[in-house]
Amino acid sequence: MAKDWCIGIIGGSGLYDIEGLEDRQWLMIDTPWGDPSDEILFGRIGNVKLRFLPRHGRGHPVSPSDLNARANIDALKRAGCTDILAISAVGSLREELEPGRFVIAEQFIDNTRQRPSTFYSSGLVTHVSMADPVCPRLSEMAAKAITACKGKVATGATYVAIEGPQFSTRAESRMYRQWGADIIGMTAMPEARLAREAELPYALVGMVTDYDCWRATEQGGEQVNVAQVVAQMQENGQLAREAVLNFIASLPKTRKASPIDTALDDAVITVPEEQDPALLARLDAVAGRILG
Ligand SMILES: CSC[C@H]1O[C@H](OP(=O)(O)O)[C@H](O)[C@@H]1O
Ligand SMILES: Nc1ncnc2[nH]cnc12
């Protein structure tokens, strides 16, 4: 059955609110996975419903390693989202991706270490495909919306997620370049995995705030610092907000089904008689479609 668009926006560092929404209301959503980072801002732009979650909470109280990504994704699903557009501050691992540039991720390398990264466990063993971790349709529409707002966009990037909260060492930064990563951040994993497990098409727009520390200069080498990231975020912030509004305005009237809407088909391996009722109850939102 065709669904109407309901776009979840996850706002990264520097993006803690969305202006210009009709029927604005911040609401807390309870989840079986604990509390999301903050209340979710409900609203709409014309006929398109929008749900906005500041990833680190308003005022940025939540550290990347403490993000409850399961609660965030579950809450967005409970809030009715059909799709998620995530926005992140990222470091650049490539000379040509200069600060101020918007970069659409196509692949991820997960180098995080201490985060719950699945909704599924013993009692409902489930293996979804992460071969193509982002939704090409959302990514393409996001790139067009940014270009329409005169932002410079690069597509097809590989994002490496690090545990943080420290920035990388120079050796790590150089290694990530060798791995083929183009941008670096601390948050898109496990977020993108969990979105897939919840059958939510997901795209990630990175806003380059710095060259990570791989890039030596005559002065003896660049380092990343928060002040630099925040200053660049503020510079990009207005454009990001305009691009979000443009993205919503340019959505086709009807939402065609995405293959990601049925990512759980054929992913569950546990036979019904071995399934754990307590786990099934926690999965009421993320796997509601297949659990009935
Ligand atoms: C403030 S710099 C480091 C911080 O910014 C990025 O967060 P987000 O992806 O939510 O914009 C990065 O991953 C770190 O969490
Ligand atoms: N250089 C960097 N490393 C990790 N996360 C970041 N977020 C913004 N810049 C970053």
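Numbering of ligands and ligand atoms starts at 1, following listing order. Sequence positions, counted from 1, serve as the residue numbers for this chain.
With salt bridges taken as basic N to acidic carboxylate O contacts below 4.0 Å, none links Asp110 and Arg115. With respect to the salt-bridge test (charged N to carboxylate O, under 4.0 angstrom), the residues Lys49 and Asp23 do not qualify. Contact check on Arg24 versus Glu19 returns no salt bridge, with no Lys/Arg side-chain nitrogen under 4.0 Å from an Asp/Glu carboxylate oxygen. Salt bridge annotation for Arg78-Asp284: present, with a cationic side-chain nitrogen under 4.0 angstrom from a carboxylate oxygen.
In this structure, a donor-acceptor pair under 3.5 Å is absent between the side chains of Arg70 and Thr31. Checked by atom type, the side-chain pair Glu242/Asn246 shows no donor-acceptor distance below 3.5 Å. Looking only at atom types and distance, the side chain of Ser139 has no donor-acceptor partner in the side chain of Glu106 under 3.5 Å away.
Atom numbering of ligand 1 starts at 1 in the shown order; those under 4.0 Å from a heavy atom of His56 are 7 (O), 8 (P), 10 (O), 15 (O). Of all atoms in ligand 1, numbered sequentially from 1 with element shown, those under 4.0 Å from a heavy atom of Gly185 are 13 (O). Which parts of ligand 2 touch Ala89 is read off a 4.0 Å heavy-atom cut-off, strictly below it: atoms 7 (N), 8 (C). The atoms of ligand 1 that sit less than 4.0 Å from any heavy atom of Ser13 are 1 (C), 4 (C), 5 (O), 6 (C), 7 (O), 8 (P), 10 (O), 11 (O). Proximity to Met186 (heavy-atom distance under 4.0 Å) selects the following atoms of ligand 2: 4 (C), 5 (N). Listed by number with element, the atoms of ligand 2 under 4.0 Å from a non-hydrogen atom of Phe167 are 1 (N), 2 (C), 3 (N), 4 (C), 6 (C), 10 (C).
Protein heavy atom nearest atom 9 (N) of ligand 2, with residue, atom name and distance: Asp210 OD1, 2.7 Å. Summary of contacts: the protein heavy atom closest to atom 13 (O) of ligand 1 is Met186 N, 2.7 Å. Distance from atom 3 (C) of ligand 1 to its nearest protein heavy atom, with residue and atom name: Phe167 CE2, 4.2 Å. Nearest non-hydrogen protein atom to atom 9 (O) of ligand 1 is Thr187 OG1, 2.6 Å. Scanning the protein heavy atoms around atom 5 (N) of ligand 2, the nearest turns out to be Gly185 CA, 3.5 Å. If you check which protein heavy atom lies closest to atom 10 (C) of ligand 2, you get Gly91 N, 3.5 Å. Remark: minimum distance from atom 8 (C) of ligand 2 to any protein heavy atom is reached at Thr209 OG1, 3.4 Å.
Here Phe119 and Trp33 bring their ring centres to under 6.0 angstrom of each other.
When only interatomic distances are considered, the shortest N/O to N/O separation between Gly12 and ligand 1 does not fall below 3.5 Å. Of the polar atoms of Ile162, none of the N or O atoms is found under 3.5 Å from an N or O of ligand 2, judged by distance alone. In terms of polar-atom proximity, Arg55 is counted as a contact of ligand 1, with an N or O under 3.5 Å from an N or O of the ligand. Between His60 and ligand 1, not a single N/O pair is under 3.5 Å apart.
The environment of CG in Asp132 is sparse: at most 12 heavy-atom neighbours from other residues, nucleotides or ligands sit within 6.0 Å.
Only the side chain of Val229 comes within 4.0 Å of ligand 1, judged by heavy-atom distances. Only the side chain of Pro64 comes within 4.0 Å of ligand 1, counting heavy atoms alone; its backbone N, CA, C and O stay farther away.
In this pair, Trp179 and Tyr176 present their aromatic rings perpendicular. The plane angle is above 60°, beyond the 30 to 60° band.
Ser122 and Leu279 make their closest contact through O-CD2, 3.9 Å (heavy atoms, listed as atom of the first residue, atom of the second, distance).
Both Ile40 and Tyr202 sit in one connected hydrophobic cluster of ILVMFWY residues. Membership requires side-chain heavy atoms under 4.5 Å apart, directly or through other members.
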